Amino acid sequence: MKSFLFGCAVAVSAILAAPQVSAQQSFKMRMQTAVPAAADEFKMLQKFSQRVDAMTGGRLKIEVLPDGAVVGAFEILDAVDKGLVESGFAWTHYWSGKQPAAMLFGSPSGGSGLGMDQMSWISWFLEGGGKELYRELFEQHLKVNVVGFVLQPVGPEALGWFKEPIRNMADLQKRRFRTPPGIPGAIYKEMGVPAIALPGGEIIPSAERGVLDGAEWCCPVTDLAYGFHRAFKYYYLQGLHQNTVNADVYINKTFWNKLPKDVQAIFEGAANASLMESIAYRIRANALALAELTSKHGVQVMETPPDYVPAFMAATKKVLAEQAAKDPFFKKVLDSQAQFARQVVPYWVSIQKLNYDVGDAWVKGGAK
């Protein structure tokens, strides 16, 4: 009898364990990126995928694919929506042509004209209602079968490179300047700057042919890799067209819903951890790259003219107000950011001034 009961107990245990075995099934997710394999963003995504693999015990494996492996950069969102790939990586402002408010998530110029920097934008996104509006962007306005996660902040980007110094806005208005397309370019045009939108690979050849007098792209570590110092020698760090920039991952919602709840939670936690890791990486990487640009390549780092900031902010407010008047969702997101800014930016500016004063005193004291 005891033997029979023991056998029954073993059989019952095996039956109860069966669902647990199926719950441990593994998933493979291909991630089509908008960057080449040599890019810092790609390497950080590989690190991210390794973390997710380890944290899920191998239940979610992410294959990071370079630009063009399955589709091109501007086809990524549609490819994820249709399930051609399980996920993708780009910048949400890439989809501004489909819905202009995407710019307020991907690269809100001048902190949306509200004085937000990269850190305060993240605070808005995580704590000020931004994440909910981000979800609404995909579900109701882009209308794609996609779940999005912001995970690589990039900003602030530099004002850019010039062949000759710019002393004031009058000088900048004389320069044929490569800028991002869309709203950032519209802001520069509102400022009277001859803004030209070109792909990154065309910047140096255009400068060498005399088509460009100046150009922006990103920040020291990326600009060094592109070799812009070969065509320009004057570099201005303090720019506002993309002082906040965010790269994100898009996952096909049908695929996402098949993942166990704990795997979903792990992925979201890893994405949030990546926010800080990206900022930490870029602070150091940009500092080292800037030192190399100046010491090895003779680049002169210049101070942005003082009349640039008020001119840019005035133009930004006008361009964004015009867009908000045309698009209700754009207005909804901008209003949310404005409410947040009124609550947070005065405090954040005040406390950051202390950090600036302490660091500035140390640098002027010889940095010893």
Side-chain angles (χ1 to χ4, degrees), residues 27-35 41-42 45 48-49 52 60 62-108 112 121-122 124-126 129-154 180-183 244-261 263-265 267-268 270-272 274-275 323-324 326-334 336-337:
F27 299 83
K28 181 178 179 180
M29 186 170 80
R30 294 166 300 159
M31 184 180 293
Q32 174 64 73
T33 73
V35 295
E41 292 90 346
F42 191 92
L45 283 173
F48 173 81
S49 71
V52 171
L60 179 57
I62 303 171
E63 182 185 5
V64 184
L65 303 174
D67 182 23
V70 179
V71 297
F74 293 102
E75 300 169 320
I76 287 174
L77 187 63
D78 288 338
V80 175
D81 174 42
K82 295 172 183 176
L84 186 60
V85 287
E86 292 77 26
S87 65
F89 171 88
W91 290 265
T92 294
H93 59 268
Y94 275 23
W95 326 121
S96 296
K98 299 174 182 285
Q99 166 48 249
M103 169 262 187
L104 298 174
F105 296 96
S107 60
S112 295
W121 185 94
I122 291 173
W124 168 75
F125 182 75
L126 294 178
K131 187 181 292 186
E132 292 74 20
L133 291 168
Y134 181 71
R135 187 180 306 119
E136 181 181 337
L137 170 70
F138 290 104
E139 292 179 352
Q140 299 182 31
H141 304 281
L142 292 173
K143 296 182 179 179
V144 288
N145 186 40
V146 162
V147 178
F149 298 89
V150 176
L151 77 167
Q152 282 195 25
V154 180
I183 287 178
T244 297
V245 186
N246 304 291
D248 34 15
V249 161
Y250 321 107
I251 302 177
N252 178 273
K253 189 181 290 187
T254 303
F255 176 86
W256 173 258
N257 289 338
K258 292 178 182 177
L259 299 177
K261 295 297 182 184
V263 173
Q264 292 179 351
F267 186 94
E268 185 169 8
N272 287 342
S274 183
L275 295 174
Q323 189 61 57
K326 294 186 291 186
D327 188 288
F329 183 62
F330 190 101
K331 184 179 187 303
K332 183 178 181 179
V333 177
L334 189 61
S336 171
Q337 293 180 340

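Here the structure is a predicted model, which is why all the values come from computation and not from measurement.
- By the side chain to side chain contact (heavy atoms under 4.5 Å, CB included) test, L84 is found to be paired with V70, V71, A79, residues two or more places apart in sequence or in another chain being considered.
- Closest non-hydrogen pair, Q264 versus N257, comes out as NE2-CA, 3.9 Å.
- In this structure S107 satisfies the side chain to side chain donor-acceptor pair (under 3.5 Å) test together with H93, sequence neighbours excluded.
- The side-chain heavy atoms of F138 and L77, taken from C-beta on, include a pair separated by under 4.5 Å.
- Two residues are said to be in side-chain contact when any heavy atoms from C-beta on lie closer than 4.5 Å; Q140 and F329 fail this criterion.
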Derivation of the side-chain contact (heavy atoms from CB on, under 4.5 Å) call for N246 and F125: CA-CA 11 Å; N246 304 291; F125 182 75; over 6 Å; no

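- Side-chain contact between I62 and F48 is present, with at least one heavy-atom pair separated by less than 4.5 Å.
- Counting only distance, with no hydrogens or angles, the side chain of Q99 and the backbone of S96 share no donor-acceptor pair below 3.5 Å.
- Closest of all the heavy-atom pairs between W91 and A247 is NE1-CB, 3.3 Å.
- Using modelled atom types, no side-chain atom of W121 and backbone atom of Q337 make a donor-acceptor pair closer than 3.5 Å.
- Residue L104 holds its CG atom at 4.0 Å from CZ of F330, rounded to the nearest 0.5 Å.
- Contact of the K332 side chain with the E136 side chain is registered, since non-hydrogen atoms from C-beta on lie closer than 4.5 Å.
- Between F27 and L259 there is a side-chain heavy-atom pair separated by less than 4.5 Å.
- When side chains are defined from C-beta on, E63 counts as touching K28, because their heavy atoms get closer than 4.5 Å.
- With 3.5 Å as the limit, one finds a donor-acceptor pair spanning the side chains of S336 and W124.
- No side-chain donor from either of Y250 and D81 sits under 3.5 Å from a side-chain acceptor of the other.
- For D78, the side chain to side chain contact (heavy atoms under 4.5 Å, CB included) criterion is met by K98, not counting sequence neighbours.
- In terms of heavy atoms, I76 sits closest to G88 at CG2-CA, 3.7 Å.
- The shortest side-chain heavy-atom distance between I251 and M29 falls under the 4.5 Å cut-off.
- With a 4.5 Å cut-off on side-chain heavy atoms, F105 and L137 count as touching.
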Side chains of residues 144-154: which donor-acceptor pairs under 3.5 Å do they make with residues two or more places apart or in other chains?
unit_1 : atom_1 : unit_2 : atom_2 : d
N145   : ND2    : T254   : OG1    : 2.9
Q152   : NE2    : E41    : O      : 3.2

Steps toward salt bridge (Lys or Arg N to Asp or Glu O under 4.0 Å) verdict (K131, E268): CA-CA 12 Å; K131 187 181 292 186; E268 185 169 8; 3.4 Å; yes

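- In this structure, the separation between CE on M103 and CD1 on I183 is 4.5 Å, given to the nearest 0.5 Å.
- Interatomic distance, CG of N252 versus OG of S87, reported as 9.5 Å (0.5 Å rounding).
- For P328, there are no side chain to side chain contact (heavy atoms under 4.5 Å, CB included) partners, not counting sequence neighbours.
- Aromatic ring centres of F89 and F42: separated by at least 6.0 Å.
- Here the closest non-hydrogen pair linking A34 and D67 is C-CB, 3.8 Å.
- The CG atom of L334 sits 11.0 Å away from atom CG of L133, with the distance rounded to the nearest 0.5 Å.
- Across V80, V64, V85, a single residue satisfies side-chain contact (heavy atoms from CB on, under 4.5 Å) together with Q32, and that is V85.
- Remark: K143 pairs with no residue by the side chain to side chain contact (heavy atoms under 4.5 Å, CB included) rule, at least two apart or across chains.
- Interatomic distance, E86 CD to K258 NZ, rounded to the nearest 0.5 Å: 9.5 Å.
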